[in-house]
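To find a chain, count down the sequence lines: A is the first, B the second, and so on, and within it residues start at 1.
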Amino acid sequence: MNINGINPNKVSRILAVLFVLYVSISLLVIVFPEIQFGKRLTQVYKRYVSPGPFFTASRITQTTLLYLSWKVNGQWTEPINPTLTSYKNFFANWNPSLMYRSRLEGYIYETIISENKKQADSVKVSGFHWPTNYFQHHYVPSDADSVSIILARNITEQFKSKSDTIQIIRF
Amino acid sequence: MDQSCFERNKFISSLLCKSLYLFLILKILFLWPIITDIAENAAPQIGTGIRSLIFLPLVVAKPNYQVLMALFLAILIFSLIIKINYFSGIFIFWFSLSFSKLIFSVANGSDLILNIFLFIAIFLSTTPRFSWGIQYQIILSNAALLLGQVQIALIYLLSGCDKLTSVPWRSGGAVHSITNLTFFQNPFFHLELSESQCFILSWLIILFELAFPALVWFKKFRIPMLVIGVIFHLGIVIFLGLADFGLVMILCYSVFLGIKSEDKKLMAVTV
């Protein structure tokens, strides 16, 4: 039975052609990753139609760590790494909410680091944009006098590991 | 196309769709406790024009994102109960786009893959049936199933080729990085691998990702490839803590279930 004279076999053929076209473009993009079909179109294609590649070397060679401590009654507490704690607790409890919280916190401080990339050493609070509200609200007791935040980066490349301190903030 | 093939494809389509819906339900529930923090610290920027149309549920719900999540949850639960159909498929894909935008700060590749397959899922359905076009619906459904299979193959091929051209992956350094970086290791299952072990594991991963798209089409290799893939992704869940990524990939494997060599072509229905 045809609709408006369109044979189902013709529809199959059209779909097959579109299919081959899609696979051909995908293979082209895979073999020649620098290829561009217009900047915006390529971006959309690579992000939404052909996701990946996953676990690229550039994304798995470093992680950023945040150490938080505060001063109460003149004494500094032992630094804690709340993001890592959430991550580890996820494995202990297999509660994905902890996994997501860990990712959110990682996003918060990674975003701020990238925005403040120019500041390489210790910085004064006035020159630094920091979402103190989140970490203070969740982890720092209300009676704390001062807060210290240390951002460090662990880099593991070619079987060698090293740590760098990116920023130290006290307020 | 014979009836058994049609029924098998219907079953696979339903299995894929409903497993993805269930995954989304769980995702919403586990994100619920932190959605306020996400909204306050990583609010999505939507823009104007066509983007505001694409992400309309997000625009309308702002800033009460729990409303969006509750509505999405209700649609998903309802869709779990009823037959898969075009309307719920379209709604779920549309809402999922907004949901992914909302949670972009905690999203990863699994969200991209999930949305691709939710889009494909729209066409997997043959409900409601149009008496004037059922054979076209079946053709489209078969094509969507094949597209899902090819999409998985391309994902592995892309990742495999990237790793093959990457010095850290070829040398095993990438595996060493993964096993030594803090946010990529399960503290209860930490592996200490030597350089040679990293090298071997690295090449096993590369070979799997390159072999899968080539071999999964052949009956003899299909089940072994799928089994290896499931183990591979369970490893990602257990050792790396990327639960969402590992699970989505395993769920998407359902597109390969029951595939037979005669299904590889797009077939028209004879009335």
Side-chain angles (χ1 to χ4, degrees), chain A residues 1 3 6-9 11-13 15-16 18-19 22-23 26-27 29-31 33 47-57 60-63 65 81 83-84 87-88 90-92 94-97 99-104 106-108 111 131 133-134 138 154-159 161, chain B residues 26-27 30-34 37-38 40-42 103 105-106 108-109 112-113 115-116 132-133 135-136 139-140 143 146-147 150 154-155 157-159 161-163 166-169 171-174 176-178 180-184 186-189 195 198 241 243-245 266-269 271:
Chain A
M1 183 174 116
I3 297 175
I6 303 172
N7 189 307
N9 286 330
V11 171
S12 290
R13 277 197 293 272
L15 284 174
L18 290 172
F19 206 82
Y22 170 68
V23 172
S26 299
L27 289 174
V29 171
I30 288 169
V31 174
R47 184 166 172 76
Y48 297 108
V49 181
S50 181
F54 300 112
F55 297 101
T56 53
I60 58 172
T61 51
Q62 55 184 2
T63 52
L65 303 169
N81 187 331
T83 311
L84 187 57
Y87 182 74
K88 288 182 175 176
F90 160 67
F91 288 107
W94 289 103
N95 178 357
S97 296
M99 174 185 76
Y100 288 123
R101 182 166 293 285
S102 172
R103 281 191 205 167
L104 173 64
Y107 170 83
I108 291 172
T111 303
N133 286 342
Y134 175 84
H138 282 86
N154 278 2
I155 300 169
T156 303
E157 278 178 314
Q158 291 306 103
F159 302 98
S161 299
Chain B
L26 293 174
K27 189 164 182 138
F30 286 123
L31 276 166
W32 202 286
I34 69 166
D37 287 324
I38 288 175
E40 286 175 5
N41 296 279
I103 61 158
S105 54
V106 299
N108 59 20
L112 298 174
I113 295 169
N115 285 332
I116 286 173
W132 45 264
Q135 64 267 45
Y136 299 98
I139 291 169
L140 200 57
L146 186 58
L147 181 63
V150 168
L154 288 173
I155 286 170
L157 186 62
L158 178 59
S159 278
C161 286
D162 176 76
K163 290 179 176 72
S166 158
V167 170
W169 273 102
S171 65
H176 181 261
S177 292
I178 289 170
N180 283 278
L181 283 178
T182 325
F183 286 102
F184 280 118
N186 183 336
F188 301 103
F189 282 106
E195 275 192 40
C198 288
D244 45 2
F245 185 81
L266 289 170
M267 288 183 283
V269 173
V271 178

With rounding to the nearest 0.5 Å, note down the distance linking [atom1] in [X] to [atom2] in [Y].
X	Y	atom1	atom2	result
Tyr107(A)	Ile38(B)	OH	CD1	10.5 Å
Asn115(B)	Tyr48(A)	CG	OH	9.0 Å
Ile60(A)	Asn180(B)	CD1	CG	11.5 Å
Asn108(B)	Phe54(A)	CG	CZ	8.0 Å
Thr56(A)	Asp162(B)	OG1	CG	6.0 Å
Leu31(B)	Tyr100(A)	CG	OH	5.0 Å

- Side chain, backbone, both or neither: which part of Leu147(B) has an atom under 4.5 Å from a heavy atom of chain A?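 Backbone plus side chain of Leu147(B), per the 4.5 Å heavy-atom cut-off to chain A.
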- Message: Please rank Pro187(B), Ser171(B), Cys198(B), Ser177(B) by heavy-atom pairs under 4.5 Å with chain A and give me the top one.
- Response: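 It is Ser177(B).
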What pair of heavy atoms forms the shortest contact from [X] to [Y], and how long is it?
X	Y	value
Lys88(A)	Phe188(B)	O-CE1, 3.9 Å
Ser161(A)	His176(B)	OG-CE1, 4.4 Å
Leu27(A)	Leu154(B)	CD2-CD2, 4.2 Å
Ile116(B)	Pro51(A)	CD1-CD, 3.2 Å
Ser105(B)	Leu104(A)	OG-CD1, 3.6 Å
Gly173(B)	Phe159(A)	N-CZ, 3.6 Å

Can you tell which part of [X] gets under 4.5 Å to a heavy atom of chain B, answering side chain, backbone, both or neither?
X	answer
Val49(A)	backbone
Phe90(A)	side chain
Thr83(A)	both
Tyr87(A)	side chain

- Message: Using side-chain contact (heavy atoms from CB on, under 4.5 Å), reason through Val150(B) and Phe19(A) one step at a time and then give a plain yes or no.
- Response: CA-CA 10 Å; Val150(B) 168; Phe19(A) 206 82; 3.5 Å; yes
A side-chain contact here means heavy atoms from C-beta on lying under 4.5 Å apart; do [X] and [Y] qualify?
X	Y	value
Val11(A)	Gln135(B)	no
Leu140(B)	Leu15(A)	yes
Thr61(A)	Pro168(B)	no

- Backbone N/O of Pro53(A) and side chain of Ser159(B): donor-acceptor pair under 3.5 Å: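 It does not hold such a pair.
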- Task: List for me each residue that meets side chain to side chain contact (heavy atoms under 4.5 Å, CB included) alongside Pro33(A), sequence neighbours excluded, and say none if there are none.
- Result: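 Expected list: none.
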- Look at the rings of Phe55(A) and Phe245(B) and say which category their plane angle falls in: under 30° parallel, 30 to 60° tilted, over 60° perpendicular.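 Perpendicular: the ring planes of Phe55(A) and Phe245(B) meet at over 60°.
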